[in-house]
Structure formats: structure tokens, C-alpha cells
Amino acid sequence: MDKLAFVFSGQGAQYPGMGSALYEHSSVFRAAMDRLEKLKPGLKKLCFGGSQEELSQTINSQPSLFAVALAAAEALRSAGIFPSALAGFSLGEVTALAHGRSFQGDDGFKFVCQRAEYMSAASQAKPGSMVVVLKLDAETVEAICRETGGVYPVNYNCPGQISVAGEVDQLKVFSELATAKGGRVLPLKVSGAFHTPLMDPASEGISETLS
């Protein structure tokens, strides 16, 4: 068999009921979720029965996505499926580190819960959001960001697909300009302008926590 990599998702991948089928059918997944539930009561109710609006809130989406992904990876390992490499997208980087035992025990989950609190506070202080832009090259998207101001190209997903984050009002202006250039702009299910200077206060808190 070819070598496998586990790639863990970031915010925006959450959806109501995620992990509920695995919880029902996998004893390893169920044990992992029960373990994390003790650290964050209400976690399972949020993952399995929470609304999209609830799950899109940073304070909820980060612990939920981390927990479901980590538990799924543990279930895969129990089935004899072992990764040769681990990677992650934004929040997923932390999940990859946790699954790779860079954190002791469930310290990775505790860190994510703290991280979510810092990022949620930063989002409330300076409201922002994110969109994904399709059908435009990187240079065009970057130029529109400079023209708009207050928005930033943050995730270069693949050619013709870039995530842009920034202030809510400025994102509306950006979206109109990008659409006029022939781009397709789709909102992401997040509640903050991640990977931008608007998250600087959160970065300071996270650095203190890691120290």
C-alpha cells in the first residue's frame, strides 16, 4: 500500500451532526469523545446536535472540529491504519500535532479551548469574517485587497482559489470588486478574520499560553 497522510481540517468544515455516526459505531471514537467531554462539558451535544450557527462560532467550532478529527484519527489507528505523515489546515495543524504526540495527554485539546477563547475575544473586539475567491489569479486578488484596504489574502488554497479575510464592511466592498473582475466569492462559515492583523491580540495570548 502507498504511504498515507492524515490531513486535518480547519474552521469552516464543521457541520451539524458531525461525528454522530462514528460515535454510534466506533467504540474507540466514542471513548475519545467521552474523554474530551469531561474536559469540556457539552461538547458532544454541540457536535452531534448543535446548529450551524452555534458551530460557526469560534468558541465552539475549534474544540468541536479538533475533538471529532482527533477521535476519528484514533479510530483509524485502532483499525490498523497508520499515517506516515500528519498535516493540517490552520486549526488542523494543532490537531496534527496532538495526534503526533507533540502534546502530552489531552493538553492539545486544552490548548485549543484556550486558543478559541482568545480568538473569539479578538473577533468580538474587531468583527471580521472570511470569503473564498474562485476564478481569479493570485495577483488579481492581491490587487483588489490593496485597493479595498482592511482585507488580506490569507490562504492560497490552490490556483484559482484564495481565501480572503478582513473587516466585515470591507469584505463587502472587496466582494463587489472581485465579482466585477469575473471572480466568484463565497462566504466561509467562520466568525472572525483569521490569519490577519485583527488576530494580533489573540496571538499575544496564545504565545503566553504556550510559554
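This chain uses plain numbering: 1 for the first residue, then up along the sequence. Owing to the predicted nature of the structure, the values given are computational and were not obtained by experimental measurement.
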Taking the side chain from [X] and the backbone from [Y], do they hold a donor-acceptor pair closer than 3.5 Å?
{"X": "Ser20", "Y": "Gly17", "answer": "yes"}
{"X": "Glu37", "Y": "Gly42", "answer": "yes"}
{"X": "Gln170", "Y": "Gly149", "answer": "yes"}

If you count the non-hydrogen atoms of other residues, nucleotides and ligands that lie under 6.0 Å from NZ in Lys189, is the total more than 12?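 Atom NZ in Lys189 is packed in, count exceeds 12.
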Is it the case that Ser56 and Gln52 place a side-chain donor and acceptor less than 3.5 Å from each other?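 Judged by distance alone, the side chains do pair up.
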Distance-only polar pair, side chains of Ser123 and Ser191, donor-acceptor under 3.5 Å: no
Please check if the distance between the ring centroids of Phe48 and Tyr23 is under 6.0 Å. yes
Side chain to side chain donor-acceptor pair (under 3.5 Å) partners of [X], counting only residues at least two apart:
{"X": "Arg77", "value": "His99"}
{"X": "Tyr156", "value": "Glu142"}
{"X": "Asp106", "value": "Arg35"}
{"X": "Thr140", "value": "Asp137"}

Name all residues meeting the ring pair (Phe, Tyr, Trp, His ring centres under 6.0 Å) criterion together with Phe111; count only those two or more places apart in sequence or in a different chain, and write none if there are none. Phe103
Hey, quick one: are Val168 and Val164 part of the same hydrophobic cluster, counting side-chain heavy atoms closer than 4.5 Å, chains of contacts allowed? no
Please answer: with hydrophobic residues joined when any side-chain heavy atoms are less than 4.5 Å apart, are Leu65 and Val7 in the same cluster? no
List the steps, then state whether side-chain contact (heavy atoms from CB on, under 4.5 Å) holds for Ser64 with Leu55. CA-CA 8 Å; Ser64 299; Leu55 286 169; 4.0 Å; yes
Between Thr209 and Gln114, does the side chain to side chain donor-acceptor pair (under 3.5 Å) criterion hold? Intermediate values first, please. CA-CA 8 Å; Thr209 297; Gln114 184 69 68; 4.9 Å; no
For side-chain contact (heavy atoms from CB on, under 4.5 Å), just list the numbers for Val132 and Leu134, CA-CA rounded to whole Å, side-chain angles, deciding distance to a tenth of an Å, and then say yes or no. CA-CA 7 Å; Val132 64; Leu134 309 175; 4.3 Å; yes
Going from CZ on Phe174 to OH on Tyr152, what distance comes out if it is rounded to the nearest 0.5 angstrom? 13.5 Å
Suppose the criterion is side-chain hydrogen bond (donor to acceptor under 3.5 Å, both in side chains): which pairs have a residue in residues 78-98, not counting sequence neighbours? Ser90-His195
